[in-house]
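A short worksheet on the structure shown next.
Lettering follows sequence order; numbering is per chain, from 1. Keep in mind the model is a prediction, meaning the values are calculated, not measured.
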Amino acid sequence: MTTTRRNLLKFVGGGAAGALLTPAPWRLITDTALWSENWPGIPRPARGEIRARFTHCTLCPAGCAVRARCVNGQPVSLAGVKPHPISHGALCPWGIAGHHLPYHPARVRQGPVKEALAAVSRAITQRGAGERVAVLDLRPGRTVSWTYRRAMAAIDDGLYLAPRQPAYAIDLTAAKTVVSFGAPLFDGWGTPGNVFAARANFRLVQIEPVETRTAALADVWLPIRPGTETAMAAALAGEITIAEAARETGVEEQAISAVKEAIGNSPAVVLAADPGSPLMSLNAKLRALGRTVVARRESPVPDAWKKAAPSTEMAAVPDKAIRVLLIDESLPGGYVPWQDIQPKLAPNAVVVVFSSSSEGYARHAQYVLPAPVYPEMAEDIGPAIDTVAAVFRIAAPLIAPVVPVVNPGELVARIAGLPQTDPLRDRADAIHKAGRGSLLSYADGKSTSMKEVTADDFWKTLNQGGCWMDDTGKKAAPAGLGKFGRSGTCPTAHDLPLAVVVAEARRGGLESPLMSKLERESNLRMTANRVALSPADARSNGIENGGRCVLETACGRLSVVAMIDAGVPAGVVEVAGGPRMADLCGANQRARVVRA
Amino acid sequence: MSANKRYGMSIDIDKCNGCGACMMACAVENNIPPAPEAANDRRGVTWIRVYKVDNHLAYPERRTAFVPVLCQQCGHDTPCVHVCPQQAVDVDPETGIVGQMPERCLGCRYCMVACPYHARYFNWWDPKWPAGMEKTLNPDVAPRMRGVVEKCNFCHGRWHAAQQKAAAAGQREIDAADYVPACVEACPTGALRFGDLSDSSTEVAQDAQRPESFRLLEKIGTEPKIHYRSRRDWVREIASAPRPEGKDGLRG
Amino acid sequence: MASVDKEFITRGLRRSSTGRFLLWILPWVALLVFGLYSAGLCLVKGLNQTNMDNRFAFGLWIFLDLTVIALGAGAFFTGFLLYILKIDELRSVINSAVVIGLVCYSGAVTVLAVDVGQPLRSWFTFWYPNVHSMLTEVTFCISCYLTVLLIEYLPIVLRNRKLHDVPSFLVFEHELHKLIYVLAGVGTFLSFFHQGSLGGLYGVLRGRPFAFREGLAVWPSTFFLFILSAAAVGPSFILLTTWLVEKLSRKRLVRPTVFRRLARISGLLLAVYVLAKAVDTLVWINRTSPGTGFQAWQYYSWKPFGTWILFAEIVVFGLLPALVMLTPRLRAHTGWLVTAAAMACCGVALNRFVMTVQTLALPTLSFDPYLSYYPSWQEVGTFLAVVAYGVLVYSFSFRYFNLFPEERELRLEAAAQEEEELALAGRY
């Protein structure tokens, strides 16, 4: 057969027609769909060995137990540890996305470590008489807090500063009635798992000016005039008549008597938003001390640590006394407003902050040193307010720091010339030596008496997922709740018309970029740059919903977005917490909102 | 072949404190990217979204509840399924779960128009994670590209994993404890429960029978498989059609 | 200035000079370029360039697509009247109708391609069709009908003076012409179907009680209402455009009887439509909507969409123009005719607006807010590109092809009359 053009065409045509009968071309078409699925620029999740690892969340003092799902060692999701007797497998939204923090785009990635060290040692040696070296520890009660206290004891005129730590713990399980003066019981107070586990057994009376998440789920919410909490407490304590209290607080008499009756008849506890508030002493009147409000016990510490500086509150420091201030802001915690710190600083003071965020003290310090973030650093967690027995748990690092970081504890120890040991290990050994309590291992859920555990096994389990819990001894009444009395109740008339109410307590520090889901993408939570006003106040100031405006207090101004909400009482501006808001409002709780 | 399941959820609104843990767990589990700068609550991607709902009254009568809304997994006349022009949406007869195939989706958004629960989300932007954060992606779920619709699928990756586990153990049925969606696992208050509605011994099936139980827009007739419940009368009213009066003063 | 493109202009027709023509198209070209830039942004950067969102998943584009396709219905319906029902008078507007149809449909399809998130996957609909979806029906019918329109447009092009010189084109055109009855039939079938499917698109939305309608057989009532309304305004739009072209070109293109004929057809259908729509609305208010738990009054208590919109749609822009077009005395005045036709077109646009925009603005869940939406400039720009494209295609077609077969005859008549008048003037 000769090859002609016609034959060739026939062959090609026949071939093409035949190919259509095979699956190949059809398969090819379907495959282009797969191609469009793998669009360039879309990351492919890494695959590999999947394993569970355990740690503890350091984002708040609750220190919930965490089970991390890791791919090739990299955590890809976090969940609670179900059999844990305190955290009950619960995590808050911040805790669930904690493993994103190392990659936060706004993270502090570098800092002048050498310059800072030089400036600090120069200032320490050159300081004048009476000039102090101070560490401000925003999360007291940790092992590193002991390091700071030891370091400050080793330095002449060293000063260990910390927000006041309550000397008590709250036993929610023992309460039948909980009267909360604005304590965010269901939104960040104590250990979430513990609160929700106890929830079915107590009645909650929430006393606060606005309907927060906690008020929304309370059995009774008493909407009180801002600043009149003391009057309410006085009525509950029987110091003033219910009619008087009703007049002052704006709450109906019936409602107040009902609460008074309830707390008289059942084991009750009174909580305040600020654990150091004098309102807490109302508990003494309710005979709650030793029952629902008990003395806190700390886990054992090595004997060698007993030479430690005492904890001092910022207010107790004389003005212009601090020459060197080292602030540990590596973990989000109680923020001391800058206007409370600034007067205490000497004119030539050196301020160094260890932080991963540029939002907090980094705005005020000369030197910002990059601190590790959760879950990069081995750390223990201070006690939670609702944990009765002493506990010791370690946040074992899940990944190595992704940026060069400074370990604040090690650096302070070095400055003070403390011996270079691992304080966590020393503490663990001390606990083991004491021989009390038991060790809970998360991998198998088994609890073992400390008497049956070796020191090395104890340390190993603590690092691989476990926690030490002290024996539940006899409950004791706490010391130092203070005396309850009426003082400065109503806010006096002021030229600033609005009372500031923090409706959403926000911790400082970094939060997962995915928090946009709860904020911008759903408006479920208030962002730090928003305020909410009643329709009446908004109208009188010409403010529109979603409009830009300025929040003014005696301390300064902040540009915010206003939201109009008929759920906000007139005369109140709702804000979300956070360092900027704390600096702006501080103890001064009056503000004005004007159009930008 | 085992009997077909009818997976559903029960949500106790009286327990939900609106913390948002479910939304975070969902985004982590399903590789949903953080929102770009320009995104807002109408352009975000939240397979489960907790709405702040109130009784339409002003302070101090105002009362608030939190209502998590996810794909309601409609069991009858599923509105999104029959509108999709190219079969990118289907109902798995084995599980009753309404599935979405993003790789098949054209991005016409007709299904979003069809859904009365606004439980479907469009990818208005290219998915982007901050540098390094892509290491935290879940290997069981493929990230989606821009221009397609996505929604809750009761954590399909987890169902798949549970099936594989059962198959490896030589079992035909998956262990109920092995298949729990991320939001249910994450809920710290225990407001969310998940299980097989066709098995009357499960907690969800019993929850669905409670007198205070209701479903959203039940009268439309789509047989949603998310059962809400509340003891508060005004909360149960959210099940019905909107009331136009008194809508002023809403946040956001 | 002498026309350089004189060779291409149909014999016996007068067209403006090339310069004037260029001046006319220049702004439209500029608009087209701007529009293409807007569309390009949406394609490259994604639909975040629009103001649509998860709740307003359809926006300006879908609303205008529905409107444009309804207005473009004149093409199929005129074909149907001319070739199937043999109303021969309409031969004088059929070519123009085909061009308008082509412009409307191709424009709508182009905008749809920008509107979808993954345009490269458009063919999935043909590959994995979901036969239950109204959108599948729409996609199939529109693309098929667009092909029909292109084939119908070909003879108009091929009859161009210059192209006619090519013998094979002549043969091809002749063969095509023989097909015209088949094409008209197929086109009519496809058009009826997709106009209906576009209505069905909304009528089937069980989850949107504002749009949801009960149906006959597998189709909701909106299916039939959309067919009727499109058939009713198609001739109106032909009337309107023809009148507009007459005004712009300052020429008489068709005889007044054609206008009146179009108006009568339009008016008749519109009257039937208004009746059907009224019955449908009553059924919806009293049965369909309450059956889904939604009281119809509540849809109209969200401002600004009060009951006035229902009144405007059915009475002002429906019944009123229908009555005008059906009243012989009013029909005799071009002014009334054109006004009524324009009102009918507005009525259909309003109906499509209500179906798309109001449906999405209304809340479905009790805790939904009522939403508003304004298109972004990119959305507006993309749509303007289609308008500019339409004007350009029509302008070129009008200049080079014989869109109005009676034009030459009318011109000769007018010239003769003028001569006669001149002669008369001369005599006396």
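Proximity to chain C (any heavy atom under 4.5 Å) is restricted, for Y51(B), to the side chain, taken from C-beta onward. Interface remark: C115(B) contributes backbone atoms only to the contact with chain C (heavy atom separation under 4.5 Å). Looking at V149(B), neither its backbone nor its side chain comes within 4.5 Å of chain C, counting heavy atoms on both sides. Both the backbone and the side chain of H82(B) come within less than 4.5 Å of a heavy atom of chain C. Proximity to chain C is limited to the backbone of R120(B), based on heavy atoms less than 4.5 angstrom apart. For chain C, the nearby part of L216(B) is the side chain; its heavy atoms alone come within less than 4.5 Å.
Contacts of Q358(C) classified as side-chain contact (heavy atoms from CB on, under 4.5 Å), with partners at least two apart in sequence or in another chain: F210(C), Y300(C), F305(C), I309(C), V354(C), L362(C). For the side-chain contact (heavy atoms from CB on, under 4.5 Å) test, residues two or more places apart in sequence or in another chain that qualify with L112(C) are I62(C), D65(C).
Of the charged side-chain nitrogens involved, at least one lies within less than 4.0 Å of a carboxylate oxygen, so that R287(C) and E214(C) count as a salt-bridged pair.
Here the options are N48(C), D53(C), N54(C), T50(C), the test is side-chain hydrogen bond (donor to acceptor under 3.5 Å, both in side chains), and the partner is W124(B); only N54(C) passes. Put simply, the residue from C152(B), P181(B), C155(B) that forms a side-chain contact (heavy atoms from CB on, under 4.5 Å) with N30(B) is C155(B). When each of F353(C), F58(C), F56(C) is checked for a ring pair (Phe, Tyr, Trp, His ring centres under 6.0 Å) with F63(C), only F353(C) meets the rule.
M9(B) and C183(B) make their closest contact through CE-SG, 3.8 Å (heavy atoms, listed as atom of the first residue, atom of the second, distance).
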Could you please spell out the steps behind the side chain to side chain contact (heavy atoms under 4.5 Å, CB included) verdict for W125(B) and L47(C)? CA-CA 7 Å; W125(B) 285 271; L47(C) 291 175; over 6 Å; no

For a salt bridge (Lys or Arg N to Asp or Glu O under 4.0 Å) check, start with the C-alpha distance between K277(C) and E313(C), then their side-chain angles and the critical distance, and finish with the verdict. CA-CA 10 Å; K277(C) 172 79 187 169; E313(C) 189 193 328; 3.4 Å; yes

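Chosen from W127(C), F294(C), F212(C), the residue pairing most often with chain B at heavy-atom distances under 4.5 Å is F294(C). Contact count against chain B (heavy-atom pairs under 4.5 Å) is highest for S133(C) among P209(C), S133(C), P119(C), S122(C). The choice from Q49(C), M52(C), M134(C), K45(C) that makes the most heavy-atom pairs within less than 4.5 Å of chain B is M52(C). Listed options L205(C), L360(C), L201(C) were ranked by heavy-atom pairs under 4.5 angstrom with chain B; first place goes to L201(C).
Within residues 225-241 of chain B, the residues that have a heavy atom under 4.5 Å from a heavy atom of chain C are E237(B), I238(B), S240(B), A241(B), listed by number.
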If you look only at distance, which donor and acceptor atoms sit under 3.5 Å apart when one is on a side chain in residues 136-143 of chain C and the other is two or more places apart or in another chain?
unit_1  : atom_1 : unit_2  : atom_2 : d
T136(C) : OG1    : P85(B)  : O      : 3.1
T136(C) : OG1    : N130(C) : O      : 2.8
E137(C) : OE1    : S197(C) : OG     : 2.6
T139(C) : OG1    : L135(C) : O      : 2.5
S143(C) : OG     : T139(C) : O      : 2.5
S143(C) : OG     : F140(C) : O      : 3.2

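By the 4.5 Å heavy-atom criterion applied to side chains, F383(C) and V68(C) are counted as neighbours.
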